[in-house]
Number of protein chains: 2
Amino acid sequence: MKDVAARAGVGLKTVSRVVNGEPGVTQETERRVRDAIDALGFRRNDSARILRKGRTATVGLVLEDLADPFYAPLSGAVEDVARAHGSLLVHGSSGEDPGREEELVLALCARRVDGLVVVPASTDHRYLEPELAAGIAAVFVDRPPGRISADTVLSDNYGGARRAVEHLVGHGHRRIGFIGDHPRIHTAAERLRGYRAAMAGAGLPVAGAWTSLGSTEPARVAAECLRMTTGPDPVSALFTGNNRVTVTAVRTLTAGGRPVALVGFDDFELADLLSPGITVVAQDPAELGRRAAARLFQRLEGAAGDPERLELPTRLVARGSGERPPAG
Amino acid sequence: MKDVAARAGVGLKTVSRVVNGEPGVTQETERRVRDAIDALGFRRNDSARILRKGRTATVGLVLEDLADPFYAPLSGAVEDVARAHGSLLVHGSSGEDPGREEELVLALCARRVDGLVVVPASTDHRYLEPELAAGIAAVFVDRPPGRISADTVLSDNYGGARRAVEHLVGHGHRRIGFIGDHPRIHTAAERLRGYRAAMAGAGLPVAGAWTSLGSTEPARVAAECLRMTTGPDPVSALFTGNNRVTVTAVRTLTAGGRPVALVGFDDFELADLLSPGITVVAQDPAELGRRAAARLFQRLEGAAGDPERLELPTRLVARGSGERPPAG
């Protein structure tokens, strides 16, 4: 700051006023101070570099909810890969709102991220076409893009759900309920499809009252859990469609003291320490993030070829809740 | 892209080559294409706007580990406040490495974030002084800054820890161990201070073997937990210094079948569903994030005055593990 003041021929206080945008400085003085700042490189300023080089060493990650524990290891893995490539990570949460996703993605593009990893809320990504044409790379993770073609990394949601329900059938259950997320969400729709396939494969009917897709808000999930397990013709087992649903179902079933069998999609911390332990179909969210980010940097480094779709396997982890026999 | 091609008098393929940085275009053609892009605003480009206006509508958040569940609600809250102010959030994890924190913070400043929320790993933030002088706002959260003065939002770590240990003393414990994070971390040091104050207040000695500060890696914590509870002269209760330590201690004690009393610092999901439920001193990480981000935007909107230090209260939540009497 002293050097700036000396070069501009003003006092330290004046330099401070200019950089902090305080009043009391003439336009001419402000210009002299700013010229001195520029000349001395007082403040690193990447904007000029960005305009010159066309790369910002920043990548964006848009996901559903930064506070959802499923996304913490996914975000952490994307950040690790970005750091290994010398890039910073810009984050945004869509809150499952397609409009907000588009707004966020375009805001990140406007800030000239080099590329994007997106867990989409939207089912129509044609809004991204001009950005992709302009050279931004995008990889979709957890859910595929809609109406455009792009690199995608998914879990085997259909196969994992099918396996979960077959496991319950194998332990003697014939009446199995499914509580999941909104059916417009790819993962929820795929898990419902897996549930139906397993039931059909076992020759079991599915009553309309046994499936419930919608918000994962605890109030809705708890009400549906109670309805399915305490009605006149209750299910003896539940398949829960993601970690948010599973946690609420465990809470509700525990409070009611009901020995309903349960298999959840997604593993979660402490699932093994509950009584009984919770049987889950585990995804690997860190691996989803790692693969998506690795693909993004391959594209940024010039990898050509058509978009690829990678599907990671899931695995069933039996811990007790899914091995309970039907009550009575 | 068609408009750009027409204006520049070239084919679509040439435009694509230029925007994707592919070879085979003369300098003169590239210049014509770039001029056409600029003229047509083909790609939104905030860099020019940043240079002009001096604000980027981006704030940075540097924390310890994006994958730690304690930071998920804190990050989510900072993002919510940023969004309400029309700002994007850029994230980085220091991994508890002071050098990486500095590197990240300066990289964010170089990208001209308007302000920063920092969970510091470093204990010397004089490296930030030129940035602060240049007008960047910074708020520290969870831990205070070192060797500079800045707005800070903390939990009452000392008081919360003291309360936790007094609770165990109140349930008849005289031999109480403490396992915590590295003592160079402010929160760990404060919680140790609270532990010592409660023991001294109750007239209880603290054996050297009863305190263990260091990495929160499960292997270290499990070994220390075993050592303290199964040695020749074991403790009857443990105070665990954060959610990572608590989860490992619960796992270790459950595996060993030892009825050791336990109070943990930090609440965590499912703590109430374990058997027994885990008694904790709960912080409010979302409120920490909200208050820090709110303070940041007050500063960005011109709030003057000396740096402020805000300390949020903690609360003890009794669930069973902390109310066990001493064994035998």
Side-chain angles (χ1 to χ4, degrees), chain A residues 1 15-16 19-21 37 42-48 50-51 54 56-58 60-61 65-69 71-77 79-80 83 88-93 100 104 106-112 130-131 133-135 247 250-251 254 268-275 286, chain B residues 1 15-16 19-21 37 42-48 50-51 54 56-58 61 65-69 71-77 79-80 83 88-93 100 104 106-112 130-131 133-135 247 250-251 254 268-275 286 302:
Chain A
M1 285 186 79
V15 176
S16 165
V19 294
N20 293 309
I37 288 172
F42 171 77
R43 182 172 180 189
R44 276 172 305 279
N45 184 333
D46 271 25
S47 303
I50 291 170
L51 286 170
T56 61
T58 308
L61 171 61
D65 179 5
L66 206 47
D68 182 327
Y71 294 111
L74 191 155
S75 303
E79 187 189 21
D80 286 346
R83 184 187 314 119
L88 279 180
L89 185 63
V90 195
H91 247 106
S93 301
R100 196 149 101 203
L104 258 171
L106 294 179
L108 291 170
C109 291
R111 275 162 182 80
R112 306 205 57 179
E131 307 298 337
V247 165
V250 169
R251 208 171 277 286
T254 304
F268 54 97
E269 188 167 73
L270 300 177
D272 57 325
L273 287 189
L274 298 174
S275 307
Chain B
M1 286 186 81
V15 176
S16 166
V19 295
N20 293 310
I37 288 172
F42 170 78
R43 181 170 180 190
R44 277 172 304 280
N45 183 332
D46 270 25
S47 303
I50 290 170
L51 285 170
T56 61
T58 308
L61 170 61
D65 179 5
L66 207 47
D68 181 329
Y71 293 111
L74 191 156
S75 304
E79 187 189 23
D80 286 345
R83 185 188 314 120
L88 279 180
L89 186 63
V90 195
H91 246 105
S93 301
R100 196 149 101 202
L104 258 173
L106 293 179
L108 291 170
C109 290
R111 275 162 182 80
R112 306 206 57 178
E131 307 298 337
V247 165
V250 169
R251 207 171 278 286
T254 304
F268 55 97
E269 188 166 73
L270 301 177
D272 59 324
L273 287 189
L274 298 175
S275 307

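Lettering of chains follows the sequences in order, A, B, ..., and the numbering in each one begins at 1.
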Counting heavy-atom pairs closer than 4.5 Å to chain B, which one of [options] comes out on top?
options	result
A:Ala271, A:Gly60, A:Ser93	A:Ser93
A:Pro69, A:Gly92, A:Ser275, A:Pro73	A:Gly92
A:Leu108, A:Thr254, A:Val90	A:Val90

Which atoms of A:Asp68 come close to chain B, meaning under 4.5 Å heavy atom to heavy atom: side chain ones, backbone ones, both, or neither?
->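 It is neither, since no heavy atom gets under 4.5 Å.
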With a 4.5 angstrom heavy-atom cut-off, which part of A:Tyr71 approaches chain B: side chain, backbone, both or neither?
->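 Neither part.
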Compare every heavy atom of B:Glu79 with every heavy atom of A:His91, then report the nearest pair and how far apart it is.
->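 In this case the closest contact between A:His91 and B:Glu79 is O-OE2, 4.3 Å.
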Minimum heavy-atom distance between A:Glu269 and B:Val247, given as atom pair plus value =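 Nearest pair, atom of A:Glu269 first, then B:Val247: OE1-CG2, 3.8 Å.
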Non-neighbouring partners of A:Arg100 that pass side chain to side chain donor-acceptor pair (under 3.5 Å), sequence neighbours left out |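 Scan of A:Arg100 (side chain to side chain donor-acceptor pair (under 3.5 Å), adjacent residues dropped) gives none.
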Of the listed residues (B:Leu61, B:Leu88, B:Leu270), which shares the most heavy-atom pairs with chain A below a 4.5 Å separation?
->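 Top count of heavy-atom pairs under 4.5 Å with chain A: B:Leu88.
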Euclidean distance, A:Leu273 CG relative to B:Leu273 CG, rounded to 0.5 Å |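 So the CG of B:Leu273 and the CG of A:Leu273 are separated by 12.0 Å.
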With A:Asp80, which residues qualify under salt bridge (charged side-chain N to carboxylate O under 4.0 Å, His left out), at least two apart?
->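 Listed in chain order: A:Arg83.
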Heavy-atom check, side chain of A:Leu274 versus side chain of B:Leu274, under 4.5 Å |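 Touching, per the 4.5 Å side-chain cut-off.
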With a 4.5 angstrom heavy-atom cut-off, which part of B:Asp65 approaches chain A: side chain, backbone, both or neither?
->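 Contact with chain A is absent: no heavy atom of B:Asp65 under 4.5 Å.
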